[in-house]
Asks: 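Got a structure here, written out as structure tokens. Questions coming.
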Amino acid sequence: MPMANRLYNVLLRPINTSGAHHVQGPRRNKARRALVPEAAGGAAALLPIVQEGGRDAEVSAPAWPLLTTPPLLLRRNVMPKTLDGQITMEKTPSYFVTNEAPRRIHSMAKDTKLIVVVRNPVTRAISDYTQTLSKKPEIPTFEVLAFKNRTLGLIDASWSAIRIGIYALHLENWLQYFPLSQILFVSGERLITDPAGEMAKVQDFLGLKRIVTEKHFYFNKTKGFPCLKKPEDSSAPRCLGKSKGRTHPKIDPDVIHRLRKFYKPFNVMFYQMTGQDFQWEQEESDK
Ligand SMILES: Nc1ncnc2c1ncn2[C@@H]1O[C@H](COP(=O)(O)OS(=O)(=O)O)[C@@H](OP(=O)(O)O)[C@H]1O
């Protein structure tokens with residue numbers, strides 16, 4: 001591995017339900033670490049930090065799982081060594097909702113920085129469902145899965161697509177081990193409307209130079225999302241893959257309304273816990 005003033009090893013393992021990035025160093029007492037759980041909010045959209053950072057700062061992106069293979073054999077043993085001034089990132093979507101993840105990560109590296117990408121939990125649930133539907137077209141409709149008893153309006157909070165969006169519940173678990181100051185919450189909505197703005201926050205949080213800026217993005221009309229501009233040494237601009245930014249099925253507005261009501265108290269709790277208002281109540285419609 002080449003020596004460099006700044007070198008980021010990024011461990012990526014997208015699953016699309018929630019995600020995490022881990023930044024760790026070789027001599028553990030000195031090197032920087034960050035771990036980033038997210039909740040199907042678009043963690044992959046943070047990749048420009050790796051891609052562009054890599055161009056200026058030698059980034060390598062091997063794919064290593066971290067916590068998903070039990071026991072956590074402390075993956076740092078298999079993660080690449082990181083030198084002082086380097087950052088190793090790890091992204092495993094299920095971290096945020098895995099009960100034992102905070103304790104394990106804390107025992108491995110308590111100075112790990114966490115980045116959580118969150119979006120409106122109603123949209124997140126539909127996105128999650130859309131992803132499953134693409135792999136298993138025979139599953140029941142969203143409207144059927146969302147309820148324990150539709151007549152009574154009883155939401156099925158045990159369905160993972162719904163449960164993952166109860167962010168306050170999951171965050172409580174993380175706060176037993178990590179202070180809020182060690183966690184950055186990225187808005188999945190702003191990641192789409194203002195990718196450079198969210199990226200600036202991420203870079204500041206990680207103590208990086210703002211390498212990824214507005215000049216790196218453009219809005220791709222065909223994709224319907226921001227994409228990275230064509231790099232000088234490449235022929236094609238880079239959008240995220242086909243599995244990111246799928247068209248969602250049309251969901252019964254009444255079901256959307258009930259889900260919004262269901263999530264509201266949890267969202268409010270989440271805003272209070274994080275000190276950030278994500279304004280999910282103000283959105284008029286979901287995709
Ligand atoms: N730039 C850009 N391009 C495409 N998609 C974008 C982008 N920024 C955010 N998003 C949103 O990311 C959503 C998918 O995120 P995931 O959580 O599945 O990503 S990951 O699996 O954790 O990497 C994906 O959700 P869906 O629209 O439901 O597919 C997008 O809304």
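Note that the structure is predicted; figures quoted are calculated from it, not measured. Here, residue 1 is the first one in the sequence, and each next residue gets the next number. Indexing begins at 1, ligand by ligand and atom by atom, following the structure's order.
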Asks: What atoms of ligand 1 come within less than 4.0 Å of a heavy atom belonging to Ser127?
Replies: 25 (O), 26 (P), 28 (O)
Asks: Is there at least one pair of N or O atoms, one from Leu240 and one from ligand 1, spaced under 3.5 Å apart?
Replies: no
Asks: Quick check on the 6.0 Å ring-centre criterion: do Trp159 and Phe142 meet it?
Replies: yes
Asks: So does Arg119 pair up with Glu189, basic N to acidic O under 4.0 Å?
Replies: no
Asks: Are the side chain of Ser127 and the backbone N or O of Thr123 linked by a donor-acceptor pair below 3.5 Å?
Replies: no
Asks: So, His170 side chain and Arg163 main chain: donor-acceptor pair closer than 3.5 Å or not?
Replies: yes
Asks: Report the member of Glu198, Arg119, Arg246, Lys244 with the shortest heavy-atom distance to atom 31 (O) of ligand 1.
Replies: Arg119
Asks: What atoms in ligand 1 come closer than 4.0 Å to a heavy atom of His248?
Replies: 26 (P), 27 (O), 28 (O)
Asks: Show the atoms of ligand 1 that are less than 4.0 angstrom away from any heavy atom in Pro226.
Replies: 1 (N), 2 (C)
Asks: So is Gln131 in contact with ligand 1, going by heavy-atom distances below 4.0 Å?
Replies: no
Asks: Any sub-3.5 Å donor-acceptor pair from Lys229's side-chain atoms to Tyr218's backbone N or O?
Replies: no
Asks: I want to know if ligand 1 touches Phe225 in the polar sense, i.e. an N/O pair below 3.5 angstrom.
Replies: no
Asks: Evaluate the salt bridge (charged side-chain N to carboxylate O under 4.0 Å, His left out) criterion for residues Arg150 and Asp252: first the C-alpha distance (whole Å), next the side-chain angles of each, then the deciding distance (0.1 Å), finally the verdict.
Replies: CA-CA 12 Å; Arg150 189 156 176 193; Asp252 181 339; 2.7 Å; yes
Asks: Can you find a non-hydrogen atom of Ile192 under 4.0 Å from ligand 1?
Replies: yes
